[in-house]
Protein chains: 2
Amino acid sequence: MTADGRLSWRAVRDRIHARILSGHYAPGDRLPRDADIADTLGCARSTVQRAMQDLSDSGIVERRRKGGTRVRPDPVTRATFEIPVTRREVEAKGGRYGYQLIRRALEETPRTIAATLEIGAPERMLRVEALHLSDGRPFMLEDRWISTATAPEILDVDLSVESANEWLVVNRPYSRCDVRFSAEAAGEREAELLGCAPGSALFVIDRTTWIGTRPITTVKAATAPGYELLTRTPGDQGAM
Amino acid sequence: MTADGRLSWRAVRDRIHARILSGHYAPGDRLPRDADIADTLGCARSTVQRAMQDLSDSGIVERRRKGGTRVRPDPVTRATFEIPVTRREVEAKGGRYGYQLIRRALEETPRTIAATLEIGAPERMLRVEALHLSDGRPFMLEDRWISTATAPEILDVDLSVESANEWLVVNRPYSRCDVRFSAEAAGEREAELLGCAPGSALFVIDRTTWIGTRPITTVKAATAPGYELLTRTPGDQGAM
DNA sequence: TAGTGGTCTAGACCACCGG
DNA sequence: CGGTGGTCTAGACCACTAT
């Protein structure tokens, strides 16, 4: 509710949501038209529209022109995660950030990497391996390929000082990003670098970014044992 | 653009985004007021507002009353994942779904579970262990606690036929959901049930749901080796 | 306190798609 | 083709917060 007696779109949303939760509208049911809901509640149609859009974004209802609005018959859990720059992530967890360059080389991408980056043929790119530390202990090991065609300046960056992660995030904003989570057993090399036993279960984040259709970078980040990723809740302004 | 010469909010968004990508507006920079952008582009302020809201939701800009709109100085990757009902997930991957109840018992929750569910004291709840199968092979092992106070009807459900996962999703929509991803080594028991070697790296999804402040269920789902979770992209209507 | 984003309204027209 | 959601506009007022 706003200060006067008008309904806010959040109030409308909550009201409709409550009716769904209570079973008044069951999965698969069709809801009244926006205009009718607006009339019933005594607010503008655009207010209902906003509320509905939020419910739709949350995966609670499905909306189709002419088909109307239906309670989603097959609910899904929709969760949003935030992956900050690694330095910030370490600091946010109360650690002192450290960084260590392990390897830097120009190499031809394997076919798998070329496919991931959606380029037709393998290409010579900058490959960077680096370790992020928290309080001096290994936190995350990244194995990265950077397109020197898309980001040639990276060749002049002293990656022993500034991480590619940080440089790219500031200097090569992306327009598209694919993320993949998985679990993987630590290999010999990873185990040694991450300071854990070989075979330890590692949480792995694969990320690939593009600017337009041009690939920027793809990185496999293996986190030290114990890493967790939580849904973003604080503030939650993003519920919209 | 709409059919006539008017700018759509997406067009406005892309235009502003392009200026950020090109470095015209750098991280930390303040953008013009919505009203000025509207004047410049020749559209209504609310159109700019919509565009800005999308950029804000995507974590690209930050907006504050009086403070104006700024390019987020510290970009984050924001990724949304969808976790469907397990049966649907198996089927979507082209598998034949199977299900097997392993254990069903009334037990007192350990303190950790009580804390997760945000209830003050341990409580007697229904504990269910079950295995989801894909083409007859183990796909996901779930260990679940269900509040019999919030969902007493679950006691009458034949969980050897219908999975708690499915029943709850249809009969107990939630108003809040916490999700946590992690990697974990398979224990003896898990390994046997999932048909993998002990110590295998498993992708684990912890989920807890509430209706209002009342806990519904908390579940730890350990997936068979090889499981991956991808950002939801298709259609992408949810970019908003 | 003044400036900026946030929201509501009322009305119009468009785009999509189910019957 | 007709019904429904999607979007744009123009204007008003509110809410937050930087200065």
Side-chain angles (χ1 to χ4, degrees), chain A residues 1-16 20 25 28-73 235-240, chain B residues 1-16 20 25 28-73 235-240:
Chain A
M1 293 251 302
T2 49
D4 40 12
R6 295 182 306 181
L7 285 173
S8 72
W9 68 265
R10 288 166 201 279
V12 172
R13 174 198 62 189
D14 292 344
R15 212 139 149 171
I16 298 168
I20 293 172
Y25 298 125
D29 281 4
R30 179 169 177 173
L31 276 62
R33 313 156 36 202
D34 289 8
D36 289 342
I37 294 180
D39 282 351
T40 304
L41 299 181
C43 65
R45 178 162 84 89
S46 61
T47 303
V48 175
Q49 156 85 356
R50 190 113 162 73
M52 285 301 195
Q53 196 162 56
D54 191 44
L55 291 173
S56 177
D57 283 350
S58 305
I60 293 168
V61 303
E62 279 176 337
R63 279 160 78 72
R64 279 190 208 169
R65 292 164 145 116
K66 168 77 182 184
T69 303
R70 291 178 178 280
V71 179
R72 191 158 169 157
D236 203 34
Q237 34 100 354
M240 184 170 91
Chain B
M1 293 249 305
T2 48
D4 41 13
R6 295 182 306 182
L7 284 173
S8 73
W9 68 266
R10 289 168 201 278
V12 172
R13 174 197 63 188
D14 292 345
R15 212 140 150 170
I16 298 168
I20 293 172
Y25 297 125
D29 281 4
R30 181 170 175 172
L31 277 60
R33 313 156 37 202
D34 289 7
D36 288 342
I37 294 180
D39 282 350
T40 303
L41 299 181
C43 65
R45 179 163 83 88
S46 60
T47 304
V48 176
Q49 156 85 344
R50 189 113 162 74
M52 286 299 196
Q53 196 162 56
D54 190 44
L55 291 174
S56 176
D57 283 351
S58 305
I60 292 169
V61 302
E62 280 176 337
R63 280 160 76 75
R64 280 189 208 168
R65 292 162 145 120
K66 169 78 180 182
T69 304
R70 290 176 180 282
V71 179
R72 192 158 169 159
D236 203 34
Q237 35 99 352
M240 179 165 96

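Owing to the predicted nature of the structure, the values given are computational and were not obtained by experimental measurement. So that the names make sense, note that chain A is the first sequence line, chain B the second, and so on, each numbered from 1.
Rounded to whole Å, the distance from CD on A/Q53 to P on C/dG6 is 15 Å. Rounded to whole Å, the distance from CD1 on A/I37 to P on D/dG6 is 12 Å. Between the C1' atom of D/dT9 and the CZ atom of B/R50 lies a distance of 14 Å, rounded to the nearest Å. Between the C1' atom of D/dT17 and the NZ atom of B/K66 lies a distance of 8 Å, rounded to the nearest Å. Rounded to an integer number of Å, the gap from CG of A/D34 to C1' of C/dG11 is 16 Å. Atom C1' of nucleotide C/dT7 and atom CZ of A/R6 are separated by 8 Å, given to the nearest angstrom. When the P atom of C/dT4 is taken as reference, atom CG of B/L31 falls 13 Å away, rounded to whole Å. The CD-P distance, from B/Q49 to D/dC13, rounds to 18 Å in whole Å.
Without hydrogens or angle criteria, B/R72 side chain to B/I60 main chain gives no donor-acceptor distance under 3.5 Å. Using modelled atom types, no side-chain atom of B/R63 and backbone atom of B/T69 make a donor-acceptor pair closer than 3.5 Å.
Taking both residues in full, the closest heavy atoms of B/G28 and B/R70 are given as O-NH1, 3.0 Å, listed atom of the first, atom of the second, then distance. Of all heavy-atom pairs spanning A/L31 and A/M52, the tightest one is CD2-CE, 3.7 Å.
Looking at which nucleotide of DNA chain C each of A/A44 and B/M52 is closest to, the 5′-most match is held by B/M52. Ranked by how close their nearest DNA chain C nucleotide is to the 5' end, A/G67 and B/A35 are led by B/A35.
Within the structure, a side-chain polar atom (N or O) of B/R33 is placed less than 4.0 Å from OP1 or OP2 of C/dT4. OP1 or OP2 of D/dG5 has at least one side-chain nitrogen or oxygen of A/T69 nearer than 4.0 Å. Using a 4.0 Å cut-off, no side-chain N or O of B/R64 falls inside it from OP1 or OP2 of C/dG6. Phosphate proximity of D/dT4 to A/R63: absent, as no side-chain N or O sits under 4.0 Å from OP1 or OP2. Note on B/T47: every side-chain N or O is 4.0 Å or more away from OP1 and OP2 of D/dT7.
The side-chain heavy atoms of B/C43 and B/V12, taken from C-beta on, include a pair separated by under 4.5 Å.
Between the base of D/dG6 and the side chain of A/R45 there is a donor-acceptor pair shorter than 3.5 Å.
Minimum atom distance to the side chain of A/R65 is reached by D/dG6, of the listed C/dT4, C/dC8, D/dG6.
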